[in-house]
S.K.: 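Please read through the structure below; I'll follow up with questions.
On a predicted model such as this, the values are computed, not experimentally measured, just so you know. Order of appearance sets the numbers: ligands from 1, and atoms from 1 within every ligand.
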Amino acid sequence: MDIRLKNKLIRILDQIPSLKEIMISDDDLEGKRKKIKKILAEKLISTFDDSPKIPSLQWVLTRDTIELFSRIISPRSETISKFSFLKYMNDIIHEGEKNSVTKPSPGFFAELNHLLRGISGDVEVYPKSVPSFSKYSGIKAAKLRSASLSKMAQETKKFMDRYPCGLDDNAKRRRYNNKHRVLRYFKATDFEWTNWRWQLRHTIKDADMLKDLVHLTEEEYNAVKLAQKHSIPFGITPYYLSLLDFLPDKGRDNVIRAQVIPSMHYINTLLEHRAHDESSMDFMLEQDTSPIEGITRRYPHIVIIKPVLTCPQICVYCQRNWEIEDVHSRSAALPKFKLDAALDWIANTPEINEVLITGGDPFLLSNEKIENLLFKLSRIKHIERIRIGSRTLVTLPQRITEALIKDVSHFHIPGKREILIVTHFEHPYEITQQSMDAVQKFKRHGIGVYNQLVYTFYNSRKFEATLLRHKLRLIGVTPYYTFSAKGKEETEDFRVPISRLLQEQKEEARLMPGTVRTDEVVFNVPRLGKNYLRAVQHHDVISILPDGRRVYEFHPWEKKLALADTYVYTDVSIYNYLKKLQAYGENMSDYNSIWYYY
Ligand code: SF4
């Protein structure tokens, strides 16, 4: 290994001379561990002793970093993460010349550097001076405080103004032209455009047709071509296509394109999976939580029923991509006898009082089938709430017809049974007059509409998700969950470090009123279900790998209720994520505090 890497490590250790002394000494590893634990304990005690001298919030940060460092060098963390952070640092210093020592990445150095800065209380998170209003009281303090809050709001607005919303006049104009371009291509009429079956019949699945309708990058074209060749589900409804800008040069529609046009990495990884074992793509281990075909159960009172395993178009990061055969596939409906068996299973499980109908997208079924399913569920006395998960409000709002609303809404009986819709907007640029109308049709019948956001690279810039929540509330949608994109290899391009999710919640979403930031940020633990990320006591960082990725231990939601296994997860590297953001035009210093979210 390059000697400069060893020297770089030692330079970082210089921040805490006592730590450096221990690391370069000839003590054995256990001796070093003991001594480091001792200095960390002393540092922790001294922060308590000296606490009045350290600003409170800085003190919290120092305390947390010391605890984190102690945890990642503990034998327990080493066993669980199958990696010794301490031994690795020792190997770089003492055996760095040997080729057997993995080269530390810039991400590893960045993590170590921020850790030591945190322990030393030398971080670039807070301004050096105390806010001026805290020196005064009464009206003077109130005026100064108000001025500083206005500044914060102006900063927020500056970020939000960078992102387009589909309700902006310019966006409306662009989409009007796009729609007419698509209609001309298909020689169709405005009236046909409003027909959801016409939309489905004209779903674009062919790379050349897509290229005729919208400008594609070479990678986009090749990826769609390859998807087609290997029957990997791909399709875009004409409506959703009209949301893409004809030319992608402004970067406005990146999120819309990334949502539905796969990358080469995605296609190649899927093909590799196929060559081996398809079920390995079942990241959530649904096969282990399905007591009967068509049902998934992860919680005491709620079950998922999947009557149909297809969607009008496939989200590239879909966690069920291993189950979905094709876009709008006619053979994807669960056969009637299996659906009836699943319903019987629910009827015979009185502990269940809430059913989530999902798939795939249940609104791809005919009105008659949807009504029939709701009717059968409504006859089960213990079912008090039925959630319908559908992204058609975003990809095919034409599907939300008055007839469908009528067939669904009469099962919504206040005081007895609640019907609600859970949809999936990913970006304000997906919001349109049509999607708002679809939402409002449900709202007029007292049916609540909620949103599940998957937090991906493409909607993770500063205040981007915050703007989405703000706009969603304006069109009548309540933010419900923000999910960490799953740890599947094919969706690597989409993944965002957990620390960014936490940062977004604490520094961006937090500035919005409580009526807007109603969502819970969650990480879906395979087999077990949602883990609340906001609650720090539900997960711990237990190691940092040579490539800069953090290893987390998630505590299951049953914690303190029942014994269950914890779940170990390797995140994506913060450093690589920030570099990607930088290449996307972001200023990395806007994200400085990300390192201190664990
Ligand atoms: S709408 Fe849901 S089920 Fe359908 S492809 Fe997207 S994430 Fe998957």
Side-chain angles (χ1 to χ4, degrees), residues 196 199-200 203-205 224 227 231-237 239-241 243 255-263 266-267 270 278 281-284 286 290 294-296 298 304-334 356-365 370 387-400 421-427 430-431 435 438-439 449-459 468 477 480-488 490-491 493-495 522 524 530:
W196 68 281
Q199 291 277 340
L200 285 178
T203 295
I204 298 113
K205 299 182 182 179
V224 174
S231 305
I232 291 172
F234 165 78
I236 306 183
T237 63
Y239 165 80
Y240 199 80
L241 185 75
L243 308 192
V255 64
I256 309 263
R257 285 173 180 251
Q259 186 74 20
V260 68
I261 301 179
S263 67
Y266 176 86
I267 301 290
L270 274 192
E278 282 213 32
M281 293 165 60
D282 175 14
F283 177 76
M284 279 305 290
E286 291 208 38
S290 177
I295 294 281
T296 298
R298 300 192 194 114
I304 290 172
I305 186 165
K306 296 182 280 186
V308 60
L309 284 174
T310 188
C311 290
Q313 54 184 51
I314 308 298
C315 309
V316 175
Y317 49 77
C318 175
Q319 68 170 4
R320 301 223 168 90
N321 60 4
W322 61 281
E323 282 185 307
I324 294 177
E325 268 176 35
D326 198 6
V327 168
H328 187 219
S329 150
R330 290 184 194 284
S331 59
L334 194 64
L356 165 61
I357 308 175
T358 178
D361 199 315
F363 282 161
L364 276 191
L365 295 170
I370 293 167
R387 267 189 259 166
I388 305 174
S390 175
R391 188 163 142 80
T392 54
L393 288 79
V394 186
T395 57
L396 184 64
Q398 293 82 349
R399 174 63 186 104
I400 314 304
I421 306 296
V422 181
T423 191
H424 178 35
F425 283 92
E426 279 288 281
H427 199 273
E430 283 185 331
I431 297 174
S435 59
V439 170
V449 181
Y450 293 80
N451 193 58
Q452 299 196 148
L453 167 69
V454 179
Y455 199 63
T456 74
F457 175 77
Y458 298 96
N459 54 22
L468 173 65
V477 179
Y480 174 43
Y481 278 125
T482 294
F483 285 98
S484 163
K486 307 291 182 306
K488 302 198 307 175
E490 70 271 20
T491 56
D493 297 344
F494 285 82
R495 287 167 62 197
V522 288
N524 243 340
K530 295 178 191 69

S.K.: Hey, does I314 sit under 4.0 Å from ligand 1 if you only count heavy atoms?
M.R.: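 The answer is yes, since I314 has a heavy atom less than 4.0 Å from ligand 1.
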
S.K.: Hey, could you give me the CZ/OH distance between R399 and Y239, rounded to the nearest 0.5 Å?
M.R.: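 One gets 16.0 Å once the value is rounded to the nearest 0.5 Å.
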
S.K.: Does I256 reach the side chain of H427, with side-chain heavy atoms less than 4.5 Å apart?
M.R.: no

S.K.: Need the ligand 1 atom indices (1-based, order shown) with element for anything under 4.0 Å from a heavy-atom of R391.
M.R.: 1 (S)

S.K.: I'd like to check which ligand 1 atoms, numbered from 1 as shown, lie under 4.0 Å from a non-hydrogen atom of C311.
M.R.: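 Counting atoms of ligand 1 from 1, those under 4.0 Å from C311 are 1 (S), 3 (S), 4 (Fe), 5 (S).
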
S.K.: Can you tell me if, anywhere in C318, an N/O/S atom lies at a distance from atom 8 (Fe) of ligand 1 that is smaller than 2.8 Å?
M.R.: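 Short answer: yes, at least one N, O or S atom is under the cut-off.
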
S.K.: For ligand 1, note which part of C315 has a heavy atom under 4.0 Å away: side chain, backbone, both or neither.
M.R.: both

S.K.: Just wondering, do L468 and I431 contact through their side chains at under 4.5 Å, heavy atoms?
M.R.: yes

S.K.: Quick one: does I400's side chain get under 4.5 Å of T392's, heavy atoms only?
M.R.: yes

S.K.: Taking the side chain as every heavy atom from C-beta outward, state whether Y240 and P312 have any pair of such atoms under 4.5 Å apart.
M.R.: no

